Number of protein chains: 2
Amino acid sequence: MFLEALSNPHRLRIIRILATGKQYVSQLARELGMSRPLLYLHLQKLEEAHIVSSDMELLDSGKAAKYYTLNSFELELNEALISTLAPSLTLKKKTKEDDSKQ
Amino acid sequence: MFLEALSNPHRLRIIRILATGKQYVSQLARELGMSRPLLYLHLQKLEEAHIVSSDMELLDSGKAAKYYTLNSFELELNEALISTLAPSLTLKKKTKEDDSKQ
DNA sequence: ATCACCTGTAATATAATTATTACATATGAA
DNA sequence: TTCATATGTAATAATTATATTACAGGTGAT
């Protein structure tokens with residue numbers, strides 16, 4: 001999931017922008033020139049991979065906004081790491097259904 | 001391209017196996033329980049990303065076999081790296097057509 | 001009430017990736 | 001010659017991922 005989340009150019013751009021500071025969704029959408037629904041999709045993937053986090057905050061205007069923050073991460077990516085961690089890096093979480101099917 | 005190549009479970013399994021030593025395609029297909037055409041697809045993506053390399057060798061039987069080897073790589077993956085390298089990590093190489101369209 | 005912002009998502013369309021099937025070709029051994 | 005084992009790829013199908021459109025709802029200011 002983690003590497004999968006990093007495998008899209010839009011998502012890397014999002015990371016790059018959030019690296020300069022937190023932003024709320026509409027603002028980010030304007031900055032990226034991207035529709036909000038599409039941005040939502042990418043933000044969700046990043047959030048599921050724990051690469052970003054979100055929280056609601058009040059703007060000065062008094063309106064609520066959803067702010068996204070970049071989490072810090074560090075991964076020494078080499079062939080040895082992949083050999084040991086292979087499954088957990090990209091596979092989606094197994095559901096209980098999957099287990100019982102097994 | 002590099003991160004994209006690492007964003008698939010099959011390809012990580014391939015890496016894991018090749019980490020134990022080079023193998024030729026048919027052998028690898030049997031070991032993975034995967035069809036050869038599909039394996040080809042994944043090996044190509046890995047090779048384009050320079051994660052694996054291939055060369056033809058003669059088996060003891062006298063038949064030619066295409067061996068794949070895992071290249072060694074090392075990438076310190078963190079938010080700073082992504083901020084600086086963002087575009088080159090996932091984008092496909094631009095073609096000359098792309099340039100002239102621009 | 002209307003305008004200018006915000007969040008959130010359902011339904012759908014489009015594009016890209018992944019997977020299968022069916023071939024053609026070559027070599028050595030029985 | 002036939003069998004078993006290689007490589008290689010074209011054509012297609014199936015599945016996921018990405019992107020768009022169209023909504024509904026909320027708040028504060030004019």
Side-chain angles (χ1 to χ4, degrees), chain A residues 1-15 22-49 51-69 87 90-95 98, chain B residues 1-15 22-49 51-69 89-95 98:
Chain A
M1 291 250 45
F2 178 72
L3 289 174
E4 213 171 291
L6 295 177
S7 70
N8 174 289
H10 283 328
R11 292 197 284 274
L12 294 188
R13 285 183 67 211
I14 292 172
I15 291 175
K22 67 179 179 182
Q23 297 230 8
Y24 62 92
V25 180
S26 294
Q27 191 183 21
L28 199 49
R30 281 190 295 268
E31 194 155 334
L32 289 163
M34 184 185 301
S35 75
R36 209 162 37 80
L38 180 55
L39 179 55
Y40 260 81
L41 178 121
H42 289 302
L43 285 172
Q44 271 174 33
K45 296 203 173 184
L46 288 171
E47 193 162 18
E48 282 166 12
I51 294 169
V52 301
S53 303
S54 63
D55 66 307
M56 298 296 292
E57 292 182 31
L58 277 182
L59 297 178
D60 291 342
S61 67
K63 287 162 192 156
K66 187 175 196 176
Y67 270 92
Y68 272 91
T69 320
T90 54
L91 287 181
K92 323 210 163 185
K93 272 180 202 152
K94 286 189 358 182
T95 63
D98 287 339
Chain B
M1 291 248 52
F2 178 72
L3 289 175
E4 215 171 290
L6 295 177
S7 70
N8 174 287
H10 283 327
R11 291 197 283 272
L12 294 187
R13 286 183 66 212
I14 292 171
I15 291 176
K22 67 178 179 183
Q23 297 230 8
Y24 62 92
V25 180
S26 294
Q27 190 183 21
L28 199 49
R30 282 190 294 268
E31 194 155 333
L32 288 164
M34 185 185 299
S35 75
R36 209 162 36 81
L38 180 55
L39 178 56
Y40 260 81
L41 178 119
H42 289 301
L43 285 173
Q44 272 173 31
K45 296 204 170 182
L46 288 171
E47 194 163 17
E48 282 166 11
I51 294 169
V52 301
S53 303
S54 62
D55 67 305
M56 298 298 289
E57 294 181 29
L58 277 183
L59 299 178
D60 290 343
S61 67
K63 285 161 191 155
K66 187 176 196 177
Y67 271 91
Y68 272 91
T69 320
L89 284 170
T90 54
L91 287 181
K92 323 209 164 186
K93 270 180 204 155
K94 285 188 0 181
T95 62
D98 287 340

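It should be emphasised that the depicted structure is a prediction, and the values quoted were computed from it without experimental measurement. Throughout, a chain's letter reflects where its sequence line sits, starting with A, and its residues are numbered from 1.
- When each of C:dA4, C:dT17, D:dA4 is scored by its nearest atom to the side-chain atoms of B:Lys63, the top-ranked nucleotide is D:dA4.
- For the pair B:Glu4 CD and D:dA17 C1', the computed distance is 11 Å after rounding to whole Å.
- You'll find that the side chain of B:Tyr40 is closest to D:dG8, out of C:dT18, C:dG8, D:dG8.
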A:Leu38 and A:Leu41: CA distance, side-chain angles, deciding distance, side chain to side chain contact (heavy atoms under 4.5 Å, CB included) verdict: CA-CA 5 Å; A:Leu38 180 55; A:Leu41 178 121; 4.3 Å; yes
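- Rounding to whole angstrom units, CG of residue B:Asp60 and C1' of D:dA6 are separated by 14 Å.
- Remark on DNA chain D: of its neighbouring residues B:Lys66 and A:Ser35, the 5'-side contact belongs to B:Lys66, judged by nearest-heavy-atom nucleotide.
- One finds a salt bridge joining B:Glu57 and B:Lys22 here, because a Lys/Arg side-chain nitrogen approaches an Asp/Glu carboxylate oxygen to under 4.0 Å.
- Here D:dT5 presents its C1' atom at 16 Å from CG of B:Leu28, a figure rounded to the nearest Å.
- At whole-Å resolution of the value, CG in A:Leu41 and C1' in C:dA10 are 14 Å apart.
- A distance of 12.5 Å separates OH of A:Tyr68 from CD1 of A:Ile51, quoted to the nearest 0.5 Å.
- Taken from CG in B:Leu6 to CZ in B:Arg11, the straight-line distance is 8.0 Å, to the nearest 0.5 Å.
- Taking side-chain N and O atoms only, A:Asn8 has no distance below 4.0 Å to OP1 or OP2 of D:dA17.
- No hydrogens or angles considered: a donor-acceptor pair under 3.5 Å links the side chains of B:Glu47 and B:Ser54.
- The OH-C1' distance, from B:Tyr68 to D:dA6, rounds to 14 Å in whole Å.
- Comparing D:dT18, C:dT18, D:dT7 against the side chain of A:Leu38 picks out D:dT18 as the nearest.
- Contact check, B:Tyr24 against D:dT7: no side-chain N or O comes under 4.0 Å of OP1 or OP2.
- Contact annotation: B:Arg36 does not reach the phosphate of C:dC23 (side-chain N/O to OP1 or OP2, under 4.0 Å).
- Taking 4.0 angstrom as the limit, A:His10 places none of its side-chain polar atoms (N or O) nearer than this to OP1 or OP2 of D:dA17.
- We find that CG of B:Leu39 is positioned 12 Å from P of D:dG8, with the value rounded to whole Å.
- For B:Lys45, the listed nucleotide lying nearest its side chain is C:dT18; candidates were D:dT7, C:dT18, C:dC6.
- Distance A:Glu48 CD to D:dA17 P: 11 Å, rounded to the nearest Å.
- Checking the phosphate oxygens (OP1, OP2) of C:dA19, a side-chain nitrogen or oxygen of B:His42 falls inside 4.0 Å.
- Side chain of B:Met56, nearest nucleotide from D:dA17, D:dT7, C:dT17: D:dT7.
- Between B:Tyr67 and A:Met34, the one whose closest nucleotide on DNA chain D sits nearer the 5' end is B:Tyr67.
- Between B:Asp55 atom CG and D:dA6 atom P the separation is 17 Å, expressed in whole Å.
- Rounding to the nearest 0.5 Å places CZ of B:Arg13 at 5.0 Å from CG of B:Leu32.
- The B:Ser26 side chain lies nearest to D:dA6 when the options are D:dG8, D:dA6, D:dT18.
- Between A:Leu59 and A:Gln44, the residue anchored nearer the 5' end of DNA chain C, judged by the nucleotide with its closest heavy atom, is A:Leu59.
- Closest approach to the B:Pro37 side chain among C:dT7, C:dA19, C:dT21 is made by C:dT21 (side chain taken as heavy atoms from C-beta onward).
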